[in-house]
> 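Pasting in a structure now, in structure tokens, and then I'll have a few things to ask.
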Amino acid sequence: RSQKKNDWSNQNVEQLLPWELLLKKIVWRQLGELQNKKILDFGSGFGVTADHYAQHNQVIAIEPSEESVMKRSKQHSYQHIIGSLDALKTLEDDAFDIVFCHNVLEYVAEREAVIRELYRVLKPCGMLSVIKHNRMGRVMLETVLHNQFENANALLDGKEIITSKYGTIHYYEDDDIAKWSDNGLTVAKVYGIRTFWDLQQNQSIENDRDWQEQMMQLEMRVSQMEVFRAVAFFHHLILIK
């Protein structure tokens with residue numbers, strides 16, 4: 001019960017869109033309760049995850065959008081830096097127990113350099129948590145929900161598509177991160193996220209708390225089943241240095 005209460009305790013969390021809320025809640029449960037850790041949140045957005053973990057950990061967040069930093073979630077104390085790869089390069093070697101990089105690498109041009117820097121600042125045996133788009137999950141979404149067969153076929157052909165909110169999603173494979181770190185990072189776990197949610201067409205039910213909780217429990221149950229993970233909209237990678 002305490003975990004469920006913590007998931008909903010932040011006022012900024014309440015203001016998220018239902019799909020954003022589900023994503024964060026699932027990620028937090030997959031990460032588990034973290035305490036007394038030094039954490040870096042790279043590409044932290046409005047700082048909801050940084051703020052969530054700042055209650056029991058020392059957190060530094062890096063975000064390039066000044067507007068996002070100004071509107072950041074700040075129920076708990078943490079350091080928020082405006083910047084990107086430049087700010088990352090100023091951090092010390094082997095400084096963090098845990099690094100978050102959630103929904104970032106699809107949108108940066110220097111993602112290999114970013115991974116090398118994240119590897120550098122991570123302590124030996126430290127954990128890197130990466131949230132990434134899964135191409136096959138997007139194929140399901142474009143076909144079933146959007147009826148966009150052209151987009152679905154383009155994705156199957158290895159091409160990219162443009163989304164309305166963030167622009168082009170530059171997909172990459174789960175094992176690319178280990179390659180970009182010169183195999184200094186090892187994939188320990190791969191979870192699927194939002195396997196069913198995006199195919200739900202009854203949008204009016206998405207704000208119902210009981211429905212959200214049941215959906216999340218089901219998503220958690222199938223998150224490591226390969227048949228469902230293969231078509232999940234996101235993958236959550238846990239990598240160890």
Side-chain angles (χ1 to χ4, degrees), residues 1-35 37 39 41 43-57 59 73 75-76 98 100-104 106 127-142 144-146 163 165-166 174 187-239:
R1 291 184 180 179
S2 61
Q3 180 64 48
K4 183 176 180 181
K5 181 180 179 181
N6 287 340
D7 285 346
W8 296 99
S9 63
N10 191 327
Q11 184 177 358
N12 294 70
V13 170
E14 299 282 2
Q15 298 172 0
L16 294 175
L17 294 172
W19 69 263
E20 292 178 302
L21 176 60
L22 177 82
L23 174 65
K24 291 188 184 301
K25 287 185 68 179
I26 288 177
V27 169
W28 295 347
R29 291 198 181 183
Q30 290 172 348
L31 287 170
E33 293 198 19
L34 305 175
Q35 294 190 14
K37 303 295 185 182
I39 297 174
D41 189 356
S44 55
F46 293 107
V48 174
T49 293
D51 189 56
H52 174 80
Y53 282 107
Q55 183 175 6
H56 300 296
N57 302 275
V59 178
S73 181
Q75 191 173 36
H76 306 105
I98 300 168
F100 302 147
C101 185
H102 295 170
N103 293 329
V104 172
E106 290 87 348
M127 181 181 76
L128 172 62
S129 164
V130 175
I131 307 297
K132 62 180 289 292
H133 286 77
N134 177 36
R135 184 184 291 270
M136 293 304 105
R138 187 76 195 202
V139 170
M140 290 284 289
L141 180 68
E142 293 295 331
V144 177
L145 192 60
H146 296 164
T163 64
K165 188 173 182 180
Y166 296 109
D174 290 356
V187 178
K189 290 183 181 179
V190 180
Y191 299 98
I193 300 179
R194 284 171 56 194
T195 302
F196 307 115
W197 180 287
D198 290 289
L199 305 181
Q200 169 61 250
Q201 299 190 43
N202 181 10
Q203 296 183 2
S204 63
I205 203 173
E206 291 185 351
N207 289 305
D208 182 84
R209 286 285 182 81
D210 289 337
W211 182 88
Q212 289 178 359
E213 185 63 29
Q214 291 184 67
M215 175 63 78
M216 188 175 68
Q217 289 178 7
L218 187 59
E219 291 270 353
M220 290 290 292
R221 184 175 181 181
V222 305
S223 64
Q224 288 189 280
M225 296 181 183
E226 178 55 35
V227 65
F228 293 107
R229 185 171 59 194
V231 293
F233 194 62
F234 290 102
H235 280 177
H236 180 196
L237 310 182
I238 302 294
L239 301 103

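A quick note: this is a predicted structure, and the numbers were derived from the prediction, not measured. The first residue in the sequence is number 1, and the count goes up from there.
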> Work out which heavy atom in His236 is nearest to a heavy atom in Val27; give both atom names and the distance.
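Minimum heavy-atom separation between His236 and Val27: CE1-CG1, 4.0 Å.
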> Under the rule for side chain to side chain contact (heavy atoms under 4.5 Å, CB included), what residues qualify as partners of Ala54, not counting sequence neighbours?
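Only Val59, His76, Tyr78 meet the side chain to side chain contact (heavy atoms under 4.5 Å, CB included) criterion with Ala54.
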> Could you pull out all residues at least two apart from Asp174 that satisfy salt bridge (Lys or Arg N to Asp or Glu O under 4.0 Å)?
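With neighbours one apart ignored, the set is Lys132.
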> Who pairs with Thr49 by side chain to side chain donor-acceptor pair (under 3.5 Å), at least two apart in sequence or on another chain?
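Listed in chain order: Trp28.
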> By side chain to side chain contact (heavy atoms under 4.5 Å, CB included), which residues pair with Met220, not counting sequence neighbours?
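Applying side chain to side chain contact (heavy atoms under 4.5 Å, CB included) to Met220 gives Ile26, Arg29, Gln30, Met216.
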> Provide the closest heavy-atom pair for Ala50 versus Asp41 in the form atom of the first, atom of the second, distance.
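For Ala50 and Asp41, the tightest heavy-atom pair comes out as N-OD2, 3.5 Å.
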> Show every ring pair (Phe, Tyr, Trp, His ring centres under 6.0 Å) that has at least one partner inside residues 200-221, sequence neighbours left out.
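Only Trp197-Trp211 qualify under ring pair (Phe, Tyr, Trp, His ring centres under 6.0 Å).
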> If a pair satisfies side-chain hydrogen bond (donor to acceptor under 3.5 Å, both in side chains) and one of its residues is in residues 215-229, list it, with sequence neighbours excluded.
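Counting only pairs at least two positions apart or across chains, the side-chain hydrogen bond (donor to acceptor under 3.5 Å, both in side chains) contacts touching residues 215-229 are Glu213-Gln217, Glu226-Arg229.
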> The criterion is ring-ring contact (aromatic ring centres under 6.0 Å, His included); which residues satisfy it with His235, sequence neighbours excluded?
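Scan of His235 (ring-ring contact (aromatic ring centres under 6.0 Å, His included), adjacent residues dropped) gives none.
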> How would you list, by chain and number, every residue that makes a side chain to side chain contact (heavy atoms under 4.5 Å, CB included) with Val144, sequence neighbours excluded?
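Counting only residues at least two positions away or on another chain, Val144 forms a side chain to side chain contact (heavy atoms under 4.5 Å, CB included) with Leu199.
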> How many angstroms lie between CE in Met127 and CG in Leu237, if you round to the nearest 0.5 Å?
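So the CE of Met127 and the CG of Leu237 are separated by 12.0 Å.
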> Taking only residues two or more places apart in sequence, or in another chain, which ones meet Gln35 in a side chain to side chain donor-acceptor pair (under 3.5 Å)?
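Gln35: no side chain to side chain donor-acceptor pair (under 3.5 Å) contacts found.
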> Who are the salt bridge (Lys or Arg N to Asp or Glu O under 4.0 Å) partners of Glu106, not counting sequence neighbours?
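For Glu106 there are no salt bridge (Lys or Arg N to Asp or Glu O under 4.0 Å) partners, ignoring immediate neighbours.
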> Does the side chain of Leu31 come within less than 4.5 Å of Ile238's, by heavy atoms?
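Ile238 reaches Leu31 side chain to side chain.
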